[in-house]
Novice: 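Pasting in a structure now, in structure tokens, and then I'll have a few things to ask.
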2 protein chains.
Amino acid sequence: MLSYFTIDCVIVTFHEGDLKVLLTERNEYPYKDWWAIPGFFVEKDEEMEAAVKRIAYEMTGLKDIYMEQLAAFAGVKRHPEGRILTVAYLAFVKYENVKNKVKPITNYMRQAKWFSMDDLPELAFDHKDILMLAMKKLKTNLSYTLTPYELLPEKFTLTQLQQVYESILGQTLDKRNFRKKMVNLGYLKELDECQTGVSYRAARLYKVDRKKFLKLFS
Amino acid sequence: MLSYFTIDCVIVTFHEGDLKVLLTERNEYPYKDWWAIPGFFVEKDEEMEAAVKRIAYEMTGLKDIYMEQLAAFAGVKRHPEGRILTVAYLAFVKYENVKNKVKPITNYMRQAKWFSMDDLPELAFDHKDILMLAMKKLKTNLSYTLTPYELLPEKFTLTQLQQVYESILGQTLDKRNFRKKMVNLGYLKELDECQTGVSYRAARLYKVDRKKFLKLFS
DNA sequence: AATATAGTGTGTATTTTTTACACTAATAAA
DNA sequence: TTTATTAGTGTAAAAAATACACACTATATT
């Protein structure tokens with residue numbers, strides 16, 4: 001009838017051709033020294049939205065990230081001391097915005113670190129299940145949401161965009177067809193700028209036009 | 001940190017060309033005499049799956065229905081006496097299986113009744129929000145899931161199937177194109193039977209081949 | 001200055017899918 | 001037999017998806 005109530009924050013980014021998830025090393029029992037999805041208890045009169053923000057910040061040092069609900073996990077045996085219901089949230093962040101910023105504020109976690117989605121450590125509690133569900137949702141929603149653009153810098157190349165699609169879908173895509181399709185959708189703005197700092201031909205940069213996107217998908 | 005924990009069961013069916021949802025009339029404060037989504041408290045050591053089954057049965061009299069998680073609602077003000085976290089579940093049932101069977105087992109609800117989705121009474125708590133989210137999910141998942149076939153009798157006509165699509169999508173569809181597409185998908189089994197008891201030309205009956213469906217969508 | 005390297009950027013033909021559109025056939029009831 | 005009501009069907013046009021390969025360009029290296 002009464003249950004402990006926590007929130008877990010699945011925070012995903014994209015860097016070096018790879019989907020990454022932010023995990024924290026626990027400094028408390030149970031699962032001391034294990035890697036876990038950053039999460040903590042919700043306070044008595046705290047709204048979930050506020051709690052997600054606070055917990056994400058306290059556990060990882062990250063601020064101002066938009067999180068949406070993934071699912072509730074409430075298995076009686078997920079915590080050794082009895083049921084702890086957790087509501088998992090999912091967020092996507094731009095790597096450039098967060099690099100060098102991930103550092104727990106609280107002592108409950110010893111450190112926070114990005115892990116490649118296909119090279120995860122063993123995880124505390126049922127956190128593996130939570131991540132699997134997150135990946136599944138990510139995959140299904142890919143083309144109807146702004147997710148890829150939340151993972152990429154404000155200005156990105158079509159190759160980067162394709163890499164995001166490929167790493168989420170887990171398959172390679174044809175370059176010409178991918179570009180044709182994306183450009184035809186009409187919500188990408190071609191910029192007059194190119195990549196810099198590459199030792200080969202610099203690629204054109206694009207932005208997403210969020211208004212046009214929303215007109216198209218809602 | 002501790003919160004009350006309940007489960008609400010959104011149970012949907014299809015009857016007479018209309019999507020219907022099962023609501024219960026509350027017999028307890030708060031919201032006594034209001035219509036509400038059937039729901040109740042989860043017990044201490046009860047797994048969610050077990051709780052959903054039990055609560056659906058106790059509140060509506062319905063057994064053996066498959067429910068999947070929709071979302072958690074935990075607003076501090078959703079209940080006048082403080083936070084009550086609810087995990088909403090969603091189920092689809094065949095009207096023929098449930099007609100004349102909806103009757104609360106417990107005294108907490110006075111009666112259970114089907115309401116057309118587009119003619120709902122005022123609802124207790126934030127139950128309106130829950131239903132809206134359910135409808136949204138229903139709409140997005142329509143063509144990737146077996147939902148339409150859970151709402152229809154085992155044997156159904158293509159017209160009935162089209163009506164389900166139309167009432168969920170909220171738009172009319174072209175009959176020839178709809179049939180062509182559905183039949184081409186290849187997971188419908190044409191039967192050697194026709195409708196009976198209609199005062200016009202009887203339509204052919206179909207079944208869904210769940211194996212073929214699953215092969216196609218997973 | 002020449003060369004190697006690595007990723008950028010592009011077109012066309014084919015197949016598949018989607019869309020638009022209207023009449024005849026079958027049955028039961030009157 | 002007439003009427004009412006729904007079932008059932010085809011085709012052409014447009015749009016979208018797929019398969020497929022090479023020349024270009026910017027830089028770094030020698």
Novice: Tell me, please, which residues at least two apart from B:E49 pass side chain to side chain donor-acceptor pair (under 3.5 Å).
Specialist: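 Partners of B:E49 under the side chain to side chain donor-acceptor pair (under 3.5 Å) test: none.
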Novice: For residues 172-192 of chain A, which residue pairs qualify under salt bridge (charged side-chain N to carboxylate O under 4.0 Å, His left out), counting only residues two or more places apart or in two chains?
Specialist: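 For residues 172-192 of chain A: A:E190-A:R204.
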Novice: Could you check whether the rings of B:H15 and B:Y95 sit parallel, tilted or perpendicular, using 30° and 60° as the cut-offs?
Specialist: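 Judged by the thresholds at 30° and 60°, the geometry between B:H15 and B:Y95 is parallel.
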Novice: In residues 169-197 of chain B, what residues come within less than 4.0 Å of DNA chain D, judged by heavy atoms?
Specialist: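 Heavy-atom cutoff 4.0 Å gives B:K175, B:R176, B:R179, B:K180.
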Novice: Anything under 4.0 Å to a heavy atom of chain A counts; send over the first and last such nucleotide of DNA chain C, read 5' to 3'.
Specialist: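 Endpoints of the contacted stretch of DNA chain C: C:dA6 to C:dT12.
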Novice: Strictly by ring pair (Phe, Tyr, Trp, His ring centres under 6.0 Å), give each pair with a member in residues 120-140 of chain A just once, sequence neighbours left out.
Specialist: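 Qualifying pairs: A:Y31-A:F125, A:H79-A:F125, A:F125-A:H127.
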Novice: Under 4.0 Å, heavy atoms only, any strand: does B:T159 hit a base, just the sugar-phosphate, or nothing?
Specialist: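 Sugar-phosphate contact only - B:T159 comes under 4.0 Å of backbone atoms but never of a base.
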Novice: Would you list the atom pairs, donor with acceptor, under 3.5 Å between side chains in residues 51-59 of chain B and any protein atom, with sequence neighbours excluded?
Specialist:
unit_1, atom_1, unit_2, atom_2, d
B:R54, NE, B:E46, OE2, 2.6
B:R54, NH1, B:E58, OE1, 3.2
B:R54, NH2, B:F41, O, 2.9
B:R54, NH2, B:E46, OE1, 3.0

Novice: Does anything in residues 129-142 of chain A pair up under side chain to side chain donor-acceptor pair (under 3.5 Å), and if so which pairs, sequence neighbours excluded?
Specialist: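 Listed by first then second residue: A:E68-A:K137.
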Novice: Quick test of your reading: applying side chain to side chain donor-acceptor pair (under 3.5 Å), list the pairs with at least one residue in residues 205-218 of chain B, sequence neighbours left out, ordered by first then second residue.
Specialist: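 Qualifying pairs: none.
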Novice: Under a 4.0 Å heavy-atom cut-off, which of residues 204-218 of chain B touch DNA chain D?
Specialist: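 Going residue by residue through residues 204-218 of chain B, the ones with a heavy atom under 4.0 Å of DNA chain D turn out to be B:R204.
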Novice: Going by the rule side chain to side chain contact (heavy atoms under 4.5 Å, CB included), which residues pair with B:P121 if we only count those two or more places apart in sequence or in a different chain?
Specialist: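 Residues passing side chain to side chain contact (heavy atoms under 4.5 Å, CB included) with B:P121: B:L23, B:W35, B:F115, B:L123.
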Novice: Would you list the atom pairs, donor with acceptor, under 3.5 Å between side chains in residues 98-108 of chain B and any protein atom, with sequence neighbours excluded?
Specialist:
unit_1, atom_1, unit_2, atom_2, d
B:K101, NZ, B:N97, O, 3.2
B:T106, OG1, B:Y108, N, 2.8

Novice: Output all residues satisfying side chain to side chain donor-acceptor pair (under 3.5 Å) with A:T86, sequence neighbours left out; order by chain, then residue number.
Specialist: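 Residues passing side chain to side chain donor-acceptor pair (under 3.5 Å) with A:T86: A:T6, A:D8.
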